[in-house]
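Worksheet: the structure to be examined is printed underneath.
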Amino acid sequence: MFNKSLKVDFYLQDTLTVAKQLLGKILVIQKNRILRSAKIVETEAYIGDHDPACHAYGKFTNRSSTLYEEGGTIYVYFIYGNHYCFNVVTEPKGKGCAVLIRAVEPVEGLDFMFKKRGKNIPLHNLTNGPGKMTQAMGIDESFNRKNLFTPSIYIFQPDYQSDFEIVTTTRIGINVGKEFPYRFYIKNNPFVSRK
DNA sequence: GACAAGATTAGCT
DNA sequence: GCTAATCTTGTCT
């Protein structure tokens with residue numbers, strides 16, 4: 001399976017292109033001998049050079065330094081005292097761009113996910129939000145600055161996939177840069193965080 | 001060293 | 001729909 005991993009060229013593309021093309025792809029994590037995988041159903045783009053909501057906008061800090069790495073690097077940060085957010089760095093080194101994975105549809109490792117999220121929650125609440133999907137998949141700060149080209153974490157295009165429609169909207173939970181239509185999700189997918 | 005804000009979530013009304 | 005919880009990061013002193 002690992003040999004199907006997306007190559008660095010995919011992540012070096014324009015950030016909006018990557019954000020849209022990540023929909024339908026499968027994120028795989030194998031850590032502590034437990035495999036879990038999920039289909040990406042919702043993403044948001046953050047673009048350093050003109051986007052005030054991006055952590056890399058107008059500044060190079062300790063936290064945002066990861067965003068200036070080459071496309072395919074993983075950027076994980078802690079927010080609101082409770083949650084991790086999982087991002088994929090895009091474009092060539094030095095650009096400061098990334099795609100936030102906001103929601104996924106569980107494929108493998110459901111036992112692991114329910115154990116992490118709580119045994120009695122409804123299936124559709126397992127991974128339908130940026131903090132929820134990191135908790136379910138077991139993503140924490142130890143993944144920050146790693147890349148998506150290792151057997152322990154990677155993304156691939158499944159062989160068979162039914163067609164889907166992409167919905168484009170503005171992003172959620174931010175106070176600046178609200179006007180940019182940089183959020184994308186798979187229409188009618190029950191794991192999308194919000195309509 | 002202090003302080004405010006934040007790419008969220010769960011729980012209650 | 002509204003709000004508390006919770007703590008890291010960046011900025012200013």
Side-chain angles (χ1 to χ4, degrees), chain A residues 11 14-23 27 38 40-69 71-91 95-106 113-146 148 155 166-186 189-195:
Chain A
Y11 302 103
D14 171 77
T15 305
L16 296 173
T17 303
V18 177
K20 280 181 272 196
Q21 292 196 3
L22 276 175
L23 296 175
L27 170 65
I40 297 168
V41 302
E42 180 179 350
T43 62
E44 284 181 2
Y46 288 87
I47 303 176
D49 65 356
H50 66 268
D51 175 8
C54 181
H55 290 168
Y57 179 68
K59 55 180 185 264
F60 185 94
T61 62
N62 192 42
R63 179 172 71 163
S64 70
S65 65
T66 306
L67 287 167
Y68 291 95
E69 292 298 313
T73 303
I74 295 163
Y75 172 50
V76 175
Y77 67 92
F78 193 63
I79 191 73
Y80 296 124
N82 284 311
H83 312 288
Y84 293 104
C85 289
F86 176 76
N87 298 248
V88 177
V89 176
T90 57
E91 306 202 24
K95 300 286 278 187
C97 299
V99 173
L100 168 69
I101 309 300
R102 281 192 58 87
V104 298
E105 175 179 333
M113 297 184 193
F114 276 111
K115 204 169 164 185
K116 286 279 187 182
R117 293 270 307 130
K119 203 133 188 67
N120 296 317
I121 64 164
L123 176 63
H124 68 274
N125 280 343
L126 205 53
T127 54
N128 62 335
K132 296 179 192 176
M133 71 79 69
T134 53
Q135 190 184 11
M137 299 284 286
I139 295 171
D140 59 26
E141 76 282 345
S142 70
F143 285 90
N144 191 42
R145 277 189 175 278
K146 291 204 163 56
L148 289 163
I155 297 173
I166 296 177
V167 180
T168 303
T169 65
T170 52
R171 294 171 293 182
I172 292 180
I174 54 176
N175 290 305
V176 290
K178 289 177 181 165
E179 67 277 19
F180 295 115
Y182 288 172
R183 174 170 174 255
F184 308 99
Y185 64 86
I186 295 178
N189 185 288
F191 292 90
V192 168
S193 64
R194 302 190 206 176
K195 300 290 177 217

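A, B, ... follow the sequence lines: proteins, then strands. Residue 1 opens every chain.
Residues that satisfy the side chain to side chain donor-acceptor pair (under 3.5 Å) test with A:R194, not counting sequence neighbours, are absent from this structure. Every residue two or more places apart in sequence or in another chain that forms a ring pair (Phe, Tyr, Trp, His ring centres under 6.0 Å) with A:F78 is listed here: A:Y84. Applying the ring pair (Phe, Tyr, Trp, His ring centres under 6.0 Å) rule to A:Y68 yields the partners A:F60; only residues at least two apart in sequence or on another chain are considered.
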Quick one: side chains of residues 172-180 of chain A, donor-acceptor pairs under 3.5 Å with protein atoms, not counting sequence neighbours, listed by atom name and distance.
none

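Counting only residues at least two apart or on different chains, the salt bridge (Lys or Arg N to Asp or Glu O under 4.0 Å) pairs with a member in residues 127-145 of chain A are A:E69-A:R145. Each salt bridge (Lys or Arg N to Asp or Glu O under 4.0 Å) pair with one or both residues in residues 41-54 of chain A, not counting sequence neighbours, appears once here: A:E42-A:R102, A:E42-A:R183, A:E44-A:R102, A:D51-A:R171.
For residues 116-127 of chain A, proximity to DNA chain B is found at A:R117, defined as any non-hydrogen atom under 4.0 angstrom from a strand atom. Using a 4.0 Å cutoff on non-hydrogen atoms, the parts of residues 174-183 of chain A near DNA chain B are A:I174, A:N175, ordered by number. For the segment residues 43-50 of chain A, the set of residues with a heavy atom within less than 4.0 Å of an atom of DNA chain B comprises A:Y46, in numerical order.
Where DNA chain B meets chain A (any atom under 4.0 Å from a heavy atom), the bounding nucleotides read 5' to 3' are B:dG6 to B:dA10.
Base-pairing analysis of DNA chain B finds the following stems of at least three consecutive Watson-Crick or G-U pairs, with both pairing distances under 3.5 Å: B:1-6 with C:7-12, B:8-12 with C:1-5.
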**Item:** Reading 5' to 3' through nucleotides 1-13 of chain C, protein heavy-atom contacts under 4.0 Å coded B for base, S for sugar-phosphate only, - for none
**Value:** ----BBBSSSS--
